[in-house]
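Numbers for residues simply follow the sequence, beginning at 1. Ligands are counted one by one from 1 in listed order, and the atoms in each one are counted from 1 as well.
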Amino acid sequence: MNDGNIKAPVIAVDGPAASGKGTIARALAHHFGLPHMDTGLLYRAVALNLWRWGGDPGKEFEALRACDDLGFDPEDPELRSEPVSKIASMISAYPSVRTALRARQQAFAQQEGGAVLDGRDIGTVIAPEADVKLFVTATAEVRAERRLRELEGRGMHAHYEEVLADIHSRDERDSQRGVAPLRPASDALLLDTSTLDPEQSVGAAVRLAEKQLKAVKAN
Ligand code: CDP
């Protein structure tokens, strides 16, 4: 990808829960040979710390304390458990928590070899200069189906109605919060994956990114 004086690309992938942004971001990283950061894991790691201590997610100072010593194993299944997901959604609304996690994400985005980051505010706050900004969406119903299958795949029992209600409340919290609300950057490319399977979603994302990178190179 990187041919001499052309700097390696930065790709931002944002979108709501279970929109397919994680799968797309991993595939783009693989396709372009770039390192990938799932920024949701940072918020989940803070939530897991807080949960293990028995801290109160309703108190910003306790959530901020849980940002210290943020070592975590990305494979830890507890990071993806329902209580931790819910706490992550709550504590990610705190400005001080977002600030505490910002430097780590920006350092990753600014590394020399380029990067792919996925989250909620990559294109708007963390890497507003990204070469490619994708905003991945799907209807809440489709996302609830996907999340349900994902939970069942991990041997967890869940009801569609509950998962859908959770998706709605997380969408609401993500898009209504005062800092870094979930919204597409003005120059983001929108990708609706409602009617696409994972392979088709990845194919569409690669095409959009390649086209955009060609345009960036030409300028
Ligand atoms: O894909 P899913 O919503 O299940 O989770 P995630 O991407 O792992 O993010 C976990 C939580 O962190 C979400 O509820 C978001 O509210 C929050 N988050 C955020 O606020 N900003 C980011 N850049 C990434 C995640």
- Query: Relative to ligand 1, is R143 under 4.0 angstrom through side chain, backbone, both or neither, heavy atoms considered?
  - Reply: neither
- Polar atom proximity, D174 to ligand 1 (N or O, under 3.5 Å): yes
- Message: Is there a polar contact between ligand 1 and R147, counting only N or O atoms under 3.5 Å apart?
- Response: yes
- Task: Step by step, work out the side-chain hydrogen bond (donor to acceptor under 3.5 Å, both in side chains) result for T23 and R146.
- Result: CA-CA 12 Å; T23 304; R146 288 179 187 161; over 6 Å; no
Which heavy atom of the protein is the closest neighbour of [atom], given with residue, atom name and distance?
{"atom": "atom 13 (C) of ligand 1", "value": "R120 NH2, 3.4 Å"}
{"atom": "atom 14 (O) of ligand 1", "value": "R170 NH1, 3.0 Å"}
{"atom": "atom 9 (O) of ligand 1", "value": "G40 CA, 3.6 Å"}
{"atom": "atom 20 (O) of ligand 1", "value": "R98 NH1, 2.7 Å"}
{"atom": "atom 10 (C) of ligand 1", "value": "R44 NE, 3.8 Å"}
{"atom": "atom 11 (C) of ligand 1", "value": "A88 CB, 3.9 Å"}
{"atom": "atom 12 (O) of ligand 1", "value": "Y43 CB, 3.5 Å"}

Pair up each side-chain donor or acceptor in residues 148-158 with any protein partner under 3.5 Å, not counting sequence neighbours, and list the distances.
unit_1: E150; atom_1: OE1; unit_2: R147; atom_2: NE; d: 3.3
unit_1: E150; atom_1: OE2; unit_2: R154; atom_2: NH2; d: 3.3

Any [X] side-chain heavy atom under 4.5 Å of [Y] side chain:
{"X": "D131", "Y": "L213", "answer": "yes"}
{"X": "K21", "Y": "I24", "answer": "no"}
{"X": "F72", "Y": "V46", "answer": "no"}

- Task: Work out whether the distance between some heavy atom of K21 and some atom of ligand 1 is less than 4.0 Å.
- Result: yes
- Message: Is it true that R44 and S85 share a donor-acceptor pair across their side chains at a distance under 3.5 Å?
- Response: yes
- Between Y94 and R177, does any side-chain donor sit less than 3.5 Å from a side-chain acceptor? no
- Query: Which option out of L42, D171, T39, I91 puts a heavy atom nearest to atom 24 (C) of ligand 1?
  - Reply: T39
- Picking from D187, D14, T124, what satisfies side chain to side chain donor-acceptor pair (under 3.5 Å) with K133? D187
